[in-house]
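Data block below; observations after.
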Amino acid sequence: MRIGSGYDVHKLIPSEGKPLILGGVKINHEYKLLGHSDADVLVHAIVDALLGAMAVGDIGSHFPDNDPANAAISSMVFLEHCKKLLVGNNYSISNIDSTIIAQAPKLRPYIDQMRANIAEVLSLNISQVSVKATTTEGLGFTGRGEGIAAEAVVLLRHCE
């Protein structure tokens, strides 16, 4: 068994008609996340947790933010990359537990689809993917609506 943890944060900026993306779900909101890719903090945290559990680097070493090929790319591509690494290194995912930290928008209506998207890409049962959301009661950068953060923990099994 191997454990990995991941954390990511991105700044919120005016949406300019582009969606906020979390867990591969497009959310209509007055703000979107700023990033080189689609800035999906939830998926980025999960990817870092998976890469960390396998001890194969981090998201930046696999998908550098100065590589034009990664500009505006869907973070689900990062998850697909992790799936290939898992298979190639004989690991399977026991479970993923993640938390999105955001003052707004309310995320409960989107969480089941986020779980389904992540489970589908990683060929998991939805019961193996937990996504939770919380606020910071107005405290800190997330509480002031300046950004959104996410944390993730994964448990891997080595398949022999």
- Task: For I3, look at atom CD1 and say whether over 12 heavy atoms of other residues, nucleotides or ligands are found less than 6.0 Å away.
- Result: no

- Message: Taking CD in E80 as the centre, count heavy atoms belonging to other residues, nucleotides or ligands within less than 6.0 Å. Is the count above 12?
- Response: yes

- Message: I need the C82 SG to L51 CG distance, nearest 0.5 Å.
- Response: 4.0 Å

- Message: Set out, in order, the CA-CA distance, both residues' side-chain angles and the distance that settles side-chain contact (heavy atoms from CB on, under 4.5 Å) for T99 and L42, then state yes or no.
- Response: CA-CA 8 Å; T99 305; L42 174 60; over 6 Å; no

- Message: Would you say that D8 contacts H10 through its side chain, given a criterion of any heavy-atom pair below 4.5 Å between the two side chains?
- Response: yes

- Query: Are the side chains of I27 and I21 in touch, meaning some heavy atoms are under 4.5 Å apart?
  - Reply: no

- Item | Side-chain heavy-atom pair R2, H158 within 4.5 angstrom cut-off | no

- Message: With a 4.5 Å cut-off on side-chain heavy atoms, are L79 and L122 touching?
- Response: yes

- Query: Should L12 and I148 count as side-chain neighbours, where that means a heavy-atom distance under 4.5 Å?
  - Reply: yes

- Task: Return yes when atom OH of Y31 has more than 12 non-hydrogen atoms of other residues, nucleotides or ligands closer than 6.0 Å, and no otherwise.
- Result: no

- Item | Distance, nearest 0.5 Å, that separates CG of L22 from NE2 of H29 | 9.5 Å

- Query: What do you reckon, are the aromatic ring centroids of H81 and F63 less than 6.0 Å apart?
  - Reply: yes

- Trace of the side-chain contact (heavy atoms from CB on, under 4.5 Å) decision for T142 with V9: CA-CA 9 Å; T142 57; V9 62; 5.5 Å; no

- Task: Would you indicate whether the side-chain heavy atoms of T136 and I101 approach each other to under 4.5 Å?
- Result: yes

- Are F78 and H62 near enough that their ring centres are under 6.0 Å apart? no

- Message: Using side-chain hydrogen bond (donor to acceptor under 3.5 Å, both in side chains), reason through S37 and H44 one step at a time and then give a plain yes or no.
- Response: CA-CA 10 Å; S37 67; H44 292 187; 3.3 Å; yes

- Validation row: L156, L50 side chains within 4.5 angstrom (heavy atoms): yes

- Between E146 and R144, does at least one N-O distance fall below 4.0 Å, as a salt bridge requires? yes

- Query: Using 4.0 Å as the upper bound for N to carboxylate O, is an ion pair formed by D97 and K132?
  - Reply: yes

- Given side-chain contact (heavy atoms from CB on, under 4.5 Å), test I96 with V153 step by step and report yes or no. CA-CA 6 Å; I96 298 170; V153 178; over 6 Å; no

- Step-by-step side-chain contact (heavy atoms from CB on, under 4.5 Å) determination, I13 to K32: CA-CA 6 Å; I13 62 172; K32 66 176 181 174; 3.5 Å; yes

